[in-house]
Protein chains: 2
Amino acid sequence: MNIKEASEKTGVSSAAIRYYEKESLIPAIDRTEVGNRDIDDRIIRRIRFVTQMRAAGMSIENLRRYIQLFDAQEDNTKEQKALLQEQLAVMEEKRDDLQSAIDHLNYKLNHFYDHMETTEEELRALEREHADQVAQQDDGKASDGFDMND
Amino acid sequence: MNIKEASEKTGVSSAAIRYYEKESLIPAIDRTEVGNRDIDDRIIRRIRFVTQMRAAGMSIENLRRYIQLFDAQEDNTKEQKALLQEQLAVMEEKRDDLQSAIDHLNYKLNHFYDHMETTEEELRALEREHADQVAQQDDGKASDGFDMND
DNA sequence: CCTTGCCTTGAAGTACACATGAAGGTTTAT
DNA sequence: ATAAACCTTCATGTGTACTTCAAGGCAAGG
C-alpha cells in the first residue's frame with residue numbers, strides 16, 4: 001500500500017506519516033525498487049496507536065521514549081518498568097484532570113448556572129452531588145472511581 | 001495581591017496570567033491607582049480552573065468559548081447546552097483514549113512483552129483480560145467502566 | 001512527447017502557547 | 001539619590017508538531 005492509501009486508511013496526512021517515521025514513532029518503512037514507501041498492516045496499526053496516544057495528549061518526545069521501551073524486549077527490565085510506571089502516572093493524572101472537568105461540565109449541564117469559580121473543596125462537594133445524581137439515574141452504579149492504580 | 005504572589009500561589013507564570021487575561025480566559029483584572037493588577041481569590045480560582053482544563057488538553061480557543069458559555073447566564077439556553085454537550089463529548093472521548101492507553105500500559109507492565117501492534121479487537125481482549133486481573137487483585141471491584149455518560 | 005498523478009527529500013513556513021526582552025514607571029531601603 | 005524589586009505595555013523569540021513548498025523521479029494514458 002502506498003502512502004496515500006495509508007493516509008486515507010488512518011486519517012493521518014502523508015506528511016505526518018513521513019514525520020512519524022523520521023521521529024521513530026513508527027518503524028522504518030520498507031521501500032519499493034524505486035524508493036517509494038510500501039506500508040503494511042503492521043505500520044497501519046502503529047500509526048493508529050500513535051494517533052490514539054497523541055489524541056490523549058502525549059508529546060512526540062514522550063511517545064518516542066515510550067515506544068522505545070515497548071520495543072526493547074531485552075535487559076534492564078527494572079528501569080524500563082520504572083519508566084513505564086512514570087508514564088502511567090502522568091497519564092492517570094491527565095485522565096483524572098479530564099474527569100474532574102467532565103464532572104464539572106456535567107454538573108453545569110444539569111444545574112446550568114455559574115459555578116466555575118468554586119474552590120477545590122466545593123468542587124469535591126459538587127462531585128459528590130453529581131455522583132448521587134448518577135447513582136439515581138443509573139440506579140446502583142455509583143462507582144465514579146478509577147481503582148486500577150498500583 | 002500582586003501578580004507575582006498570584007503566580008506563586010497558582011504555579012502559573014506572571015506572563016501566562018497576563019496572557020490569559022488578554023485572551024479572556026480570566027475576567028479583566030482590577031488595577032491599583034498606578035495601574036498594577038490587583039488579583040483577588042475569584043481570579044485565583046479562575047486561574048486554577050484554566051490550569052486544570054489546559055492540563056486536560058483543552059486549547060485556549062476552545063477554553064475561551066467554553067468559559068463564555070459558562071459566563072453567559074442569559075437567553076439561548078438551548079444552543080448553550082448543545083455546545084456544552086459537544087465540549088463534553090470531546091472531553092469524554094479524550095478521557096477514553098487516555099484510559100485505553102492506560103489499560104495498554106498496565107497490561108504491558110503486567111506481562112512485559114510487545115503488544116503495541118495489536119488490532120482493536122485484540123486490544124479489547126487485552127482489556128477484558130486486564131479487567132479480570134484487576135478484579136483478582138482488588139478483589140471485587142471490577143468496574144473499570146465510565147458509566148456517567150448521558 | 002507531454003500531461004496527470006503518484007512518489008521522493010529537504011527546506012522553509014505556520015499555529016499555538018507561552019517566554020523573554022526592551023523601555024519605562026513606582027515604591028522601599030540604604 | 002541611587003539601587004533593588006516590583007510593576008506596566010508592546011514586540012519579538014522559542015519549541016512543538018506538523019504543513020507547505022520546491023525540485024525532481026517514475027509510470028500510465030492520450
Side-chain angles (χ1 to χ4, degrees), chain A residues 1-40 43-44 46-68 87 90 94 97 101, chain B residues 1-40 43-44 46-68 87 90 94 97 101:
Chain A
M1 159 184 5
N2 67 20
I3 201 170
K4 204 194 184 197
E5 291 170 307
S7 168
E8 281 158 5
K9 226 176 175 181
T10 59
V12 175
S13 75
S14 299
I17 293 174
R18 293 195 193 97
Y19 174 71
Y20 288 161
E21 187 189 13
K22 212 170 109 194
E23 297 297 322
S24 307
L25 300 189
I26 56 183
I29 302 172
D30 292 340
R31 309 301 167 112
T32 64
E33 309 88 53
V34 299
N36 291 5
R37 286 173 182 79
D38 187 15
I39 297 174
D40 60 18
I43 304 290
I44 294 290
R46 279 270 182 131
I47 293 169
R48 293 212 167 109
F49 175 76
V50 169
T51 305
Q52 212 179 28
M53 299 300 265
R54 294 280 309 120
M58 194 172 299
S59 71
I60 299 291
E61 168 123 13
N62 279 330
L63 192 42
R64 182 179 29 232
R65 285 189 210 139
Y66 176 91
I67 284 173
Q68 278 168 3
Q87 198 50 265
V90 169
K94 216 161 205 168
D97 278 350
Chain B
M1 160 185 3
N2 67 20
I3 200 168
K4 203 193 184 197
E5 291 171 307
S7 168
E8 282 159 3
K9 225 174 177 182
T10 59
V12 175
S13 76
S14 299
I17 293 174
R18 294 195 192 97
Y19 174 72
Y20 288 163
E21 187 188 13
K22 212 172 107 191
E23 297 297 323
S24 306
L25 300 189
I26 56 183
I29 301 173
D30 292 339
R31 308 303 166 109
T32 65
E33 308 88 54
V34 300
N36 291 6
R37 286 172 182 78
D38 186 16
I39 297 175
D40 60 17
I43 303 291
I44 295 290
R46 279 270 184 131
I47 293 170
R48 293 214 167 107
F49 174 77
V50 168
T51 305
Q52 210 179 31
M53 300 299 266
R54 295 279 309 124
M58 194 172 301
S59 71
I60 299 291
E61 168 124 14
N62 279 330
L63 193 42
R64 181 178 30 230
R65 285 189 210 141
Y66 175 90
I67 284 173
Q68 277 168 5
Q87 199 50 265
V90 168
K94 216 159 205 171
D97 278 350

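None of the values given here were measured: they were computed from a predicted structure. Heavy-atom basis, side chains included; hydrogens, waters and symmetry copies ignored. Sequence lines set the chain letters: A, B, ... in the order given, protein chains first and strands last, and positions in each chain run from 1.
The distance from atom CD of B/Glu21 to atom P of D/dC10 is 12 Å, rounded to the nearest whole Å. Atom CZ in B/Arg64 sits roughly 12 Å away from atom C1' in C/dA17 (whole-Å rounding). Distance A/Ile29 CD1 to C/dC7 P: 12 Å, rounded to the nearest Å. Look at CD on A/Glu5: it is 10 Å from P on C/dC6, rounded to the nearest Å. The separation between A/Tyr19 atom OH and C/dT8 atom C1' is 19 Å, rounded to whole Å. Going from atom CE of B/Met58 over to atom P of C/dA17 covers 12 Å, rounded to whole Å. Going from atom CZ of B/Arg18 over to atom P of C/dG21 covers 14 Å, rounded to whole Å. Regarding A/Arg31, its CZ atom lies at a distance of 12 Å from the P atom of C/dC7, rounded to whole Å.
Nearest-nucleotide assignment on DNA chain C puts the 5′-proximal partner with B/Ala15, out of B/Asn36 and B/Ala15. Where B/Ser14 and A/Lys4 meet DNA chain C, the nucleotide closest to each residue was compared, and A/Lys4 sits on the side nearer the 5' end.
Note that CD1 of A/Ile67 and CE of A/Met53 are 7.5 Å apart. Values are rounded to the nearest 0.5 Å. Here CD1 of B/Ile29 is found 10.5 Å from CE of B/Met1. Values are rounded to the nearest 0.5 Å.
Salt-bridge check for B/Arg54 with B/Glu23: failed, with every basic side-chain N at 4.0 Å or more from each acidic carboxylate O.
If you check every strand for non-hydrogen atoms under 4.0 Å, A/Ser59 touches sugar and phosphate atoms only.
For D/dA17, neither phosphate oxygen OP1 nor OP2 lies less than 4.0 angstrom from any side-chain nitrogen or oxygen of A/Tyr20. For A/Ser13, a side-chain nitrogen or oxygen approaches OP1 or OP2 of D/dT19 to under 4.0 Å. For B/Asn2, a side-chain nitrogen or oxygen approaches OP1 or OP2 of D/dC7 to under 4.0 Å.
Shortest non-hydrogen contact noted between B/Ser59 and B/Asn62 is OG-N, 3.1 Å.
With A/Ser7 contributing its side chain and A/Ile3 its backbone, the two residues share no donor-acceptor pair below 3.5 Å.
Proximity note for A/Val34 (side chain, C-beta onward) versus C/dC18, D/dC26, D/dC7: the nearest is D/dC26.
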